[in-house]
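Note sheet for the following structure.
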Amino acid sequence: MLLWAVLAAAEEAAPAPLPEVPPAAAPAPTTASEEVVVEARRDAPVVSEHTLDRERVLLTPGTFEDAVRLVQSLPGVALTPEYSPTAGDLAVRGSDPYETRYLLDGIELPYLYHFNGYSSVLPARLLDELQLYPSTFGAAYGNATGAIVDTKSTWTRPDRPRASANLNFVMAGAEVAAPSGDDWTIRASARRSFLDLVTKDDPQYTAFPVFSDWYARLEYAPSTEVRWAITGFGGADAYTRYAGEPTLLDPWEQSVNPSLRYEKAYNIGQITHRHLVGSARLDGAVAVTGYGLSSQLPAAHDKQDLLRVQLREDALLFARPWLQVAMGVEGRFESLALDVQTDRAWSEVARESPLLERGVSSVATVNRLIAGAYAEGRFTAGRFRIVPGVRVDGDTLSEAVTVDPRLNARWQIGQDEQVRLAVGQYSQFPQAAWLAPDIGTPTLSPSVSRQAALGFDYAIASRWEVALDLWGKISENLVEIDPGAAPRGGIEGTAYGLEVESRYRIRNVFFSSLALTLGHSERDGHVYDYDQPWALNVIGSWSIAPTWNVGLRYRGSEGLPYTPIVDGTYQADDDSYAPVYGETNSVRLPPFQKIDVHIQKDFRFTTWSFALYAELWFVPPGSNVMYVAWNYDYDDVGDVKGPVFIPLLGARGEWGLEPR
């Protein structure tokens, strides 16, 4: 009601049409074939932001035309071993993946990547924009101390039915979009991996990983001022593997090595809207999410079912040429049903089920309501832009209320130089399972992170961009889960780093980027799980002819730390061995490197096109260690390695294009 009242007042006060983006100085004129994109000049209200567009997504090697996979090449994002269970983890600026929120049109997603990070759960061609806020984000986002990945669905209305299909060595998919009448648009997409259909003799998996996702959307836009959409989308992942590492077991040990069936899936129904009223804009969404997670052993299981109802409304008022006012409310109700049954601790399945690793059993339902509100002013004075804001959130389960002030500022020194500064406080409530009776720690408090970032952007000859970012975090009440133990709160942590990024692009001809991240992250007196002293990403893509493109990507980083197991103790009651852990995160995996090569040939016809592409993924020997594993009594350890070479071929067709 408050936001509608603001809009009503805005309509009476200023009935002029609403600009989508405040006007900015125009760059020097260029020809269409030499269009230069200066990304640092986006007039965003926050100073720590990375935005990906269609060209970078579709032509970057190693991403499979996947916008969210490309996020892993951005500054500040930890590089995780390719093909490993952690390959889909998104750890940004020293944070843990669970401290980051993933949003589609304002609604939170349960997870972002399919198994092993082969693909995200969102088809790139249905997205209009993807933004990564690595830290110091604005007051519009709450309940996160890590980063925000904010994706927006496309609203571009096709003038005729369009369709595309994509087939490669990993998955197949298809998308359609079609207008209906003057005001309606229909979109749909479906994808599925198929390696499970052709891989039968894998030494690790008794049922090879399979993933799928779907998307359907009905849009109604009777005018440029009003639009509505009803969207349904979902994703699923499943595999069956041996609980113990087969390569480290003798024939008898392998004969009694049980199988673990792991499944996760979600489905979301969502209604979104946008209304432009005078000098104000209102965006909103309401959604219902069902998310299921299951780890099944012959004599144990962990089943979790989450029902979530979310509501979000945001208002942006263009009050004066020098002032914008943003405000909004957000709420969600969650009901988590837990069913965990086991008669022993299963350290072999710690990745899939920390509860089975601990050997705890429980049947419980945990309910919670989280609500938040924010307001911020966006002031412009000459070359300065200042954005103060505050956010308030409350949680019924932890019985806590947080108040987080934030400030972003920008100084445009000249046409090609600017300085950025941001400080703020960020809070996050503990996960529902961590607060559950019997298996959790009900006394956990919200985590609090105080963050700062200082950046400098410089454009050379209006073509080559260089960005420097210094950032730091001081956090308290963080949660850490030691192997085999309940969640432990009250953890203090620090993280800091330097990011250097260079970008050059001529639209539709060439783009390149270099991102170097130097950082350190520690918690509770030891380096953190995602501490990475250095990471380097280099990308180049060149359309050497109108129908040919070649690209190269290099990624390298220090290996992630892990806690070694130094011994095993025999448990006579259940005839098993319990691990004895050494010093926390005292050992690292080998340094990681990966080279991706991409070549693509396009064929364009009157109203359709066809593309053939090939990629080579190369992880040098020594860099292909995914993780380490121990045998059943923990007296032998070995490296579990991924493939060195993976050649990939693919084809994509599009129909319903503008006639040539």
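The analysis underlying the following values was restricted to heavy atoms, covering all of them including side chains, and did not include hydrogens, waters or symmetry mates.
- Applying the side chain to side chain contact (heavy atoms under 4.5 Å, CB included) test between L130 and each of V71, L122, D150 identifies V71 as the sole match.
- Relative to the six-membered ring of Y528, R523 meets both conditions, a distance below 6.0 Å and an angle of at most 45° to the axis.
- Side-chain atoms of Y291 and R308, non-hydrogen and from C-beta on, never get closer than 4.5 Å to each other.
- The side-chain heavy atoms of R241 and R261, taken from C-beta on, include no pair separated by under 4.5 Å.
- Contact check for L197 versus F208: no side-chain heavy atoms found under the 4.5 Å cut-off.
- Between L293 and K303 the shortest side-chain heavy-atom distance does not fall below 4.5 Å.
- For the atom pair OG of S212 and CG of D237, the computed distance is 7.5 Å after rounding to the nearest 0.5 Å.
- For the pair V77 and L90, the minimum side-chain heavy-atom distance is below 4.5 Å.
- Side-chain polar atoms of Y613 and N166 form a donor-acceptor pair below 3.5 angstrom.
- Aromatic pair Y426/Y141: centroids not less than 6.0 angstrom apart.
- Between E357 and R351, no side-chain nitrogen of the basic residue sits less than 4.0 Å from a carboxylate oxygen of the acidic one, so the salt-bridge criterion is not met.
- With a 4.5 Å cut-off on side-chain heavy atoms, T342 and V360 do not count as touching.
- Using cut-offs of 30° and 60° on the angle between ring planes, the pair Y496 and H520 is tilted.
- A donor-acceptor distance shorter than 3.5 angstrom exists from the side chain of N257 to the backbone of G244, with no hydrogens or angles considered.
- Interatomic distance, NE2 of H598 versus CD of E615, reported as 5.5 Å (0.5 Å rounding).
- Nearest heavy atom pair, residue P487 against residue V479, reads CB-CG1, 3.9 Å.
- For W434, the ring-ring contact (aromatic ring centres under 6.0 Å, His included) partners two or more places apart in sequence, or in a different chain, are Y98.
- Without hydrogens or angle criteria, S623 side chain to P591 main chain gives a donor-acceptor distance under 3.5 Å.
- A donor-acceptor contact closer than 3.5 angstrom is absent between the side chains of W630 and D635.
- Residue pairs satisfying the side chain to side chain donor-acceptor pair (under 3.5 Å) criterion with at least one member in residues 293-302, sequence neighbours excluded, are listed as follows: H301-D339, D302-Q304, D302-S353.
- Put simply, the side chain of Q451 gets close to the backbone of T136: a donor and an acceptor are under 3.5 Å apart.
- Looking at N624, its side chain does come within 3.5 Å of a backbone N or O of G642 through a donor-acceptor pair.
- The closest side-chain donor-acceptor pair between T441 and R488, if any, does not fall under 3.5 angstrom.
- S513 and R503 are not linked by any side-chain donor-acceptor pair at a separation below 3.5 angstrom, with hydrogens and angles left out of the test.
- Judged by distance alone, with hydrogens and angles left aside, the side-chain atoms of T240 form no donor-acceptor pair with the main-chain N or O of A207 at under 3.5 Å.
- The environment of CD1 in I474 is sparse: at most 12 heavy-atom neighbours from other residues, nucleotides or ligands sit within 6.0 Å.
- A donor-acceptor pair is defined here as one N or O able to donate and one able to accept, closer than 3.5 Å; such a pair exists between the side chain of N168 and the backbone of V170.
- No hydrogens or angles considered: a donor-acceptor pair under 3.5 Å links the side chains of S475 and S449.
- For the side chain to side chain contact (heavy atoms under 4.5 Å, CB included) with S557, the qualifying choice from Q593, Q532, K594 is Q532, the only one to do so.
- Side-chain atoms of S447 come within 3.5 Å of backbone N or O of N477 as a donor-acceptor pair.
- You'll find the side chain of K473 reaches within 4.5 Å of the side chain of R93, heavy atoms only.
- Considering every non-hydrogen atom in both D213 and P123, the closest pair reads OD1-CG, 4.2 Å.
- When only modelled atom types and interatomic distance are considered, E348 and Y632 share no side-chain donor-acceptor pair under 3.5 Å.
- The side-chain heavy atoms of S95 and Y530, taken from C-beta on, include no pair separated by under 4.5 Å.
- In this structure, Y239 and F115 have tilted ring planes: the angle between them lies in the 30° to 60° band.
- Annotation for E492: atom CD does not count as buried by contact number, only 12 or fewer foreign heavy atoms lying within 6.0 Å.
- Counting only N and O atoms by type, the side chains of N585 and D531 include no donor and acceptor under 3.5 Å apart.
- In this structure, the side chain of R358 does not engage the main chain of P483 through any donor-acceptor pair within 3.5 Å.
- Note that K264 lies in the cation-pi zone of Y111, set by a 6.0 Å cut-off to the ring centre and a 45° limit from the axis.
- Applying the 6.0 Å contact sphere to OH of Y242 captures no more than 12 heavy atoms from other residues, nucleotides or ligands.
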